[in-house]
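Letters A, B, ... are given to chains in the order of the sequence lines, protein chains preceding strands, and every chain is numbered from 1.
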Protein chains: 2
Amino acid sequence: MDSTTFTKNFLPDVTVDVVLLSISSNGSLLTLLTQRDEDPFKNAWALPGVFVGRNETLENAAARALRDKAGIAGDVFVEQLFTFGSLNRDPRDRIISVAYYALVPEGRFITAVARNAGAVIAHIDVPWTGVSGGTVQVRNEADKKLKLAFDHDRIIGIAVQRIRGKLNYAPIGFELLPDEFTLFELQHIHEAVLGHNINKDSFRRKMLASGLVEETGRRRGGTAYRPAALYSFNKEETTTHG
Amino acid sequence: MDSTTFTKNFLPDVTVDVVLLSISSNGSLLTLLTQRDEDPFKNAWALPGVFVGRNETLENAAARALRDKAGIAGDVFVEQLFTFGSLNRDPRDRIISVAYYALVPEGRFITAVARNAGAVIAHIDVPWTGVSGGTVQVRNEADKKLKLAFDHDRIIGIAVQRIRGKLNYAPIGFELLPDEFTLFELQHIHEAVLGHNINKDSFRRKMLASGLVEETGRRRGGTAYRPAALYSFNKEETTTHG
DNA sequence: AAAATAGTGTCTATTAGACATTATTGG
DNA sequence: CCAATAATGTCTAATAGACACTATTTT
């Protein structure tokens, strides 16, 4: 609408929260959380987020949350996830939160938390299969369960649901890997996102046939077995798909 | 976040706009629009929308827009689409709009506009194929082009993009049909949404194999040819899929 | 009988899963 | 040579498109 009846009942607080997602080298889903230093949910863990400024788009607010709260600057895959507007999400005020999710290679996670004392890398436990959806739980690297603030257990769950669905038709696996990777590494990313193993042969065929990957000519050395060919993401191919 | 830094820069206006979608019997995409009676965009056509109330969830605001602005009450498929937060969407104020889309059988569109003088059923022209996305144009039933207010040409475009993608994995075609329908009618719905013809044989096979439709035993009479079997949507089957 | 759509059967091309086999490296 | 993974080849099952054919209704 944008006003026809001019009964502007009230002006809510609007925040942007970002679900940062990554995959650890041992194949588990990771997210980056910040510890709250005041009530409500003091000491609980929360998604990096900011209030939306007057002259700030939602995308800019998401980039600011990534930079100032999570310590992730520069080029990152970010996409809008969902907007949460339940009445009692925050026990003090009515707050509407526009959630985004970002896909970040593990290496950037590690350097980000090294610079940011209030941030932690958490493992995501997904207690449901496929895209059925639901809440998640998070653990720190010592396997201790972390308490999540607000409805952030639900927001992270929806982010996982989204990337599981999206993996089937969009080349988002590449966002979670460094520039060069083996096909087996890409497969591990897919398996971690989907939460189940996939067929190696058909995965290789599908990826090679898609034109999304191109051989770099280099190989992953230092292994005790035949070195795998290194590939890079062919950005040309995706843009032509629109 | 939901506040840690207590710099609440400003409190924006938040609205909910609803893209109502339907399919006409001749196979074109329809939407329901309301005419603006004041500036900006006076006399232009806009999506039904309301300001979000203090004690109103986003879903409740969408239901209120459907009921009070569009004249559609009762059970309707409604789902959140996207949240728009560009700085100059509305030339007066910074307004953040949470868009929803609703799928409504054509019959309910017709009774709604009959009761609502300010509303019109518009044909949607989609100038792009597949899910590449973009803006749309709208025409009234006399084929005259209608001017859309704000960024609503873009919002409707994203709604079309969404249902095109969703049709491939979710049973949303049924939301656009009355309780009983023939398989050919369901196919026409799919073709109208997708914007291209689809194979009759494989569509029938896929639908019958899916278990989503069940024969009612009745037939579509009054035709000048063999009457088609009438089916109904098997809700049991979808809920088990999650 | 003619016209028109409903509905069935069959062939083919594509794709994913399963599984076997060969290739290449370090130890 | 052995262990381990890379990479290829082949068979099968499932599915979508194409197309031919039969069925059923009204005029």
Side-chain angles (χ1 to χ4, degrees), chain A residues 25-27 129-131 164-165 167-171 173 177 180-232 237 241, chain B residues 25-27 129-131 164-165 167-171 173 177 180-232 237 241:
Chain A
S25 48
N26 62 35
T129 57
V131 291
R164 280 190 180 173
L167 197 59
N168 292 318
Y169 63 90
L177 285 168
E180 290 197 331
F181 50 86
T182 69
L183 289 183
F184 207 37
E185 287 164 357
L186 181 58
Q187 178 179 345
H188 288 322
I189 295 287
H190 278 238
E191 289 175 341
V193 169
L194 295 173
H196 62 81
N197 293 342
I198 55 182
N199 185 276
K200 177 184 163 186
D201 307 83
S202 64
F203 181 78
R204 287 181 67 87
R205 268 180 307 200
K206 188 166 52 175
M207 276 302 147
L208 293 171
S210 72
L212 291 171
V213 294
E214 46 189 17
E215 270 193 272
T216 64
R218 286 178 287 279
R219 290 171 169 276
R220 170 78 74 226
T223 57
Y225 43 83
R226 175 175 175 176
L230 286 167
Y231 292 82
S232 65
E237 189 65 19
H241 284 11
Chain B
S25 48
N26 61 36
T129 58
V131 290
R164 280 190 180 173
L167 195 60
N168 293 319
Y169 63 91
L177 284 168
E180 291 197 331
F181 51 84
T182 69
L183 289 183
F184 208 36
E185 286 164 358
L186 180 59
Q187 179 179 345
H188 288 322
I189 295 287
H190 278 238
E191 290 175 340
V193 169
L194 296 174
H196 62 81
N197 292 342
I198 55 182
N199 185 275
K200 175 185 160 185
D201 307 81
S202 65
F203 181 79
R204 288 180 65 87
R205 268 181 307 200
K206 189 166 51 175
M207 277 300 147
L208 293 171
S210 71
L212 290 171
V213 295
E214 46 189 18
E215 272 194 272
T216 63
R218 287 178 286 279
R219 289 169 169 278
R220 170 78 75 226
T223 57
Y225 44 83
R226 175 174 174 176
L230 286 167
Y231 292 82
S232 66
E237 188 65 19
H241 283 12

I need the [atom1]-[atom2] distance between [X] and [N], as an integer number of Å.
X: A:L230; N: D:dA7; atom1: CG; atom2: C1'; value: 15 Å
X: A:Y231; N: D:dA6; atom1: OH; atom2: P; value: 11 Å
X: A:E215; N: D:dA7; atom1: CD; atom2: C1'; value: 11 Å
X: B:R226; N: D:dT24; atom1: CZ; atom2: P; value: 6 Å

Not counting sequence neighbours, which residues clear ring pair (Phe, Tyr, Trp, His ring centres under 6.0 Å) with A:Y231? List them please.
-> none

Any residue meeting ring pair (Phe, Tyr, Trp, His ring centres under 6.0 Å) with B:F184, in chain and number order, not counting sequence neighbours = B:H188

With heavy atoms under 4.0 Å as the rule, sort [X] into base, sugar-phosphate or nothing.
X: B:T223; answer: sugar-phosphate
X: A:A224; answer: base
X: B:A209; answer: nothing

Between which nucleotides of DNA chain C, 5' to 3', does chain B make heavy-atom contacts below 4.0 Å?
->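 The contacted stretch runs from C:dA4 to C:dT10.
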
What residues in residues 183-193 of chain A put a non-hydrogen atom under 4.0 Å from any atom of DNA chain C?
-> none

Which residues satisfy the salt bridge (Lys or Arg N to Asp or Glu O under 4.0 Å) test with B:R220, sequence neighbours excluded?
->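 Result, salt bridge (Lys or Arg N to Asp or Glu O under 4.0 Å) vs B:R220: B:E185.
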
A:E180: partners by salt bridge (Lys or Arg N to Asp or Glu O under 4.0 Å), with sequence neighbours left out | A:R218

Contacts of type side chain to side chain donor-acceptor pair (under 3.5 Å), residue [X], not counting sequence neighbours:
X: A:N26; value: A:S24
X: B:S202; value: B:N199
X: B:N168; value: none

Applying salt bridge (charged side-chain N to carboxylate O under 4.0 Å, His left out), which residue pairs with at least one partner in residues 190-204 of chain A are found, sequence neighbours left out?
->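 Checked against salt bridge (charged side-chain N to carboxylate O under 4.0 Å, His left out) - neighbours excluded - no pair reaches residues 190-204 of chain A.
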
How do B:R204 and A:Y225 order along DNA chain C: which one's closest nucleotide is nearer the 5' end?
->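 Nearer the 5' end of the strand: B:R204.
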
Pairwise N/O distances under 3.5 Å, protein to nucleotides 13-17 of chain D:
residue: D:dG17; atom: OP2; partner: B:S202; partner atom: OG; Å: 2.6
residue: D:dG17; atom: N7; partner: B:R205; partner atom: NH2; Å: 2.8
residue: D:dG17; atom: O6; partner: B:R205; partner atom: NH1; Å: 3.3

Write out all pairs satisfying ring-ring contact (aromatic ring centres under 6.0 Å, His included) with one or both partners inside residues 195-229 of chain A, taking only residues at least two apart or from two chains.
->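 Those involving residues 195-229 of chain A are A:H190-A:F203.
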
One should read off an interatomic distance between B:T216 OG1 and B:E214 CD, to the nearest 0.5 angstrom, of 9.0 Å

Where A:P171 and A:L212 come nearest, the two heavy atoms and their spacing =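 The answer is CB-CD1, 3.9 Å.
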
